[in-house]
Amino acid sequence: MVRVMESRYEWEPYMMLVPSAIRRTRPPPRLATTQLVIIACCCAIALILGLMIPWAEANHSLGYIVGGIGVVFIVGVLAFVPVRTLPAIALLVSLLIPAEAAFLPKLLEGAALGVVPLAIWMIRARGRLRAPRHLRCLAVLFGAWLIASEIFAPLRTKHGVEWFVVVEITLVLAIIKTPSGFGIRDVRSLFLRVTTVLGIYALVEGFILHFNPLFSSLFEHTNWWGNQRFNASYRVTTLLGHPLDNGLVFSAAAVLAASEVMERRDKMAMPLVRLAILVGAVAATHERGSVIGLAVGWMIVMLFTRAQRHSKARGQSVRRVVLLTGAVVGVAVLISGLQARSESSQGRASALVREAVVARTTEALHGIELFGAGPGEVDSYREIKHLGTSSVTLENSYAEIVVDIGPIGALIGVILLLAIVITGLRTPLMVGETAALAAILVDIGGYNAIQGQRPVLVIISLLIISIITGVDMTRKRSSVRPDASSVEARTITDVASAAS
């Protein structure tokens, strides 16, 4: 008779005879349904694009087909990348691959490449976070208005369609379908490390070399590059491109670095050095909007960072004094550095262009007051209508949005962004990210950031997802942690019942 050994304890002596490599073997991971769907769609699209190559050669549109195949390949690769790394990939792509780079295929020129890993992350994420109800309602309303504006748009271009898709993903779906698994501290640390390295390069480029030795070839074909030599003071370009974009990124990073100084309990040397580097990088851009955004974000950090424990209150008070003193000195130095540009002919011309934003916006809105010219179509519309000032862009992101989707749609979008900032300020965990978002929202009021450099939308989206994740974490902690008064009342009741 053969006895069947049912207990696992009876099997263990015999399992020791099996080689460890075999014992540790795991079945190969199975592909998730979303991965299979993504791969199937990529194969189908690649086949269609391949069949269109003869037509593209005949119509001199081969660059678009090559760019489309490149996007399909990237999507296919991202389908197998670990999900938790996709936010970091979106951030790195937005920071390190300039949208104006000449080496990109024609389809990808000026595109927000970081939105691709961001969208794949939203698709592959296993869970969803519920953003506060008022944010979801505003996001749905804003997304619906964007769709209506796209439907009733008087014209439709490739640039406008791309902008419409990017905004729907970064500002609407990021709130309605916020993906879970976002590492707030990891993404913040990565952002600070990358911008610190770029900040060191900016200091060398702006104050020592006065030219960009490594990355100038990426931007020589752009319209703004030729005007660099006419500036009263050299403005850094680094790997981020236009000095205005450098100022926006460095000011947001400096605000996050200031938040790190306020939150750090020990080892203050490195955060302070990082903060000094990033403030110096902002100074090297000679951008007035970035200085204002930095000052606003810095004040938010100092006013809204609260002590989590009473023992830390005194230390944070000292840090507030140090940061306030540093802010006053830093802003004074930055303003003095901007004086030469403000007094130059180019600086005065730039100021006049911004002073005329209201009149030019009113002129462009004539006849399209409800839904605007269509998402992302402001420049094309002004050029087609032969407006007298169509050769000069509206140097204000909010004015461009007004022309894009009408005053009502722009108002809904502004209310949505303000609601996110207010929600973040009410969450002590997310003061740094909220202050950085506020600095960006102030800065983009001085130039066409969202239309001209759409990767900024990816950074804004990551900050919004950070804030929603922090709000969700705070809500879960408060629901798990019992209230002190209820615990005390329950204890007194238990003692009284035991005594009786």
Side-chain angles (χ1 to χ4, degrees), residues 26-39 41-42 74-96 112-133 135-136 139-140 143 166 168-195 252 256 259-260 263 420 423-424 426-434 436-437 455 457-481:
R26 296 287 186 272
R30 297 180 180 179
L31 293 178
T33 304
T34 53
Q35 290 177 305
L36 293 175
V37 172
I38 292 172
I39 295 301
C41 293
C42 288
I74 293 171
V75 171
V77 171
L78 293 176
F80 294 94
V81 170
V83 179
R84 64 180 181 275
T85 63
L86 290 174
I89 294 175
L91 178 63
L92 289 175
V93 169
S94 299
L95 291 176
L96 302 182
L113 302 180
V115 80
V116 178
L118 189 66
I120 298 299
W121 175 42
M122 292 180 183
I123 295 172
R124 291 184 56 195
R126 294 184 178 180
R128 297 286 184 269
L129 301 179
R130 286 185 63 84
R133 181 178 299 178
L135 295 184
R136 284 185 281 118
V140 169
V166 170
E168 286 283 0
I169 293 174
T170 55
L171 295 185
V172 179
L173 293 181
I175 299 173
I176 299 174
K177 298 290 185 181
T178 308
S180 61
F182 184 79
I184 299 174
R185 298 301 173 186
D186 294 337
V187 175
R188 176 197 276 201
S189 176
L190 177 64
F191 182 62
L192 288 176
R193 289 177 183 177
V194 173
T195 51
L256 279 177
S259 178
E260 287 276 312
E263 296 171 0
I420 294 170
T423 302
R426 297 173 61 184
T427 308
L429 184 66
M430 303 310 301
V431 171
E433 280 72 12
T434 306
L437 177 61
L457 284 169
V458 179
I459 299 175
I460 292 175
S461 181
L462 290 174
L463 290 173
I464 291 173
I465 295 174
S466 297
I467 294 171
I468 295 175
T469 304
V471 171
D472 184 75
M473 291 171 58
T474 304
R475 183 172 60 243
K476 289 179 179 178
R477 288 180 183 178
S478 61
S479 62
V480 172
R481 185 181 303 165

Rounded distance (nearest 0.5 Å) linking atom CD of Gln35 with atom CD1 of Ile120: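 Going from CD on Gln35 over to CD1 on Ile120, the span is 10.5 Å.
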From CZ (Phe182) to CD1 (Ile468), nearest 0.5 Å: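 Between atom CZ of Phe182 and atom CD1 of Ile468 there are 10.5 Å.
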Results of salt bridge (charged side-chain N to carboxylate O under 4.0 Å, His left out) for Arg124 - residues two or more places apart only: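 For Arg124 there are no salt bridge (charged side-chain N to carboxylate O under 4.0 Å, His left out) partners, ignoring immediate neighbours.
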Residues in salt bridge (charged side-chain N to carboxylate O under 4.0 Å, His left out) contact with Arg133, at least two apart in sequence or another chain: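 Expected list: none.
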Contacts of [X] that satisfy side chain to side chain contact (heavy atoms under 4.5 Å, CB included) - sequence neighbours left out:
X: Leu171; result: Phe142, Val167, Leu457, Ile460, Ile464
X: Val37; result: Thr33, Cys41
X: Ala119; result: Ile169

For [X] and [Y], work out which heavy atoms get closest and say how close.
X: Ala131; Y: Ile175; value: CB-O, 3.6 Å
X: Ser259; Y: Gly432; value: OG-CA, 3.3 Å
X: Ala252; Y: Ala436; value: O-CB, 3.8 Å
X: Ala174; Y: Thr178; value: O-OG1, 2.7 Å

Met122 side chain reached by Lys177 side chain, heavy atoms, under 4.5 Å: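 Answer no - side chains too far apart.
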Non-hydrogen side-chain atoms of Leu118 and Ile465 separated by less than 4.5 Å: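 Yes, their side chains come closer than 4.5 Å.
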Side chain Glu433, main chain Leu463, donor-acceptor under 3.5 Å: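 A pair under 3.5 Å: no.
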Test item: Ser189 side-chain N/O and Asp186 main-chain N/O as donor-acceptor pair under 3.5 Å: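 Side chain of Ser189 to backbone of Asp186, a donor-acceptor pair under 3.5 Å: no, none is there.
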CZ/Arg126: more than 12 non-hydrogen atoms of other groups inside 6.0 Å: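 It does not: Arg126 CZ has 12 such atoms or fewer within range.
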Donor-acceptor pairs are to be reported for all side-chain atoms of residues 81-95 against protein atoms at under 3.5 Å, with residues two or more places apart or in another chain.
residue: Thr85; atom: OG1; partner: Pro82; partner atom: O; Å: 2.7
residue: Ser94; atom: OG; partner: Ala90; partner atom: O; Å: 2.8

Candidate list Leu437, Ile184, Asp472, test side chain to side chain contact (heavy atoms under 4.5 Å, CB included), partner Ile467, passing option: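 Checked Leu437, Ile184, Asp472 against Ile467; only one passes side chain to side chain contact (heavy atoms under 4.5 Å, CB included): Leu437.
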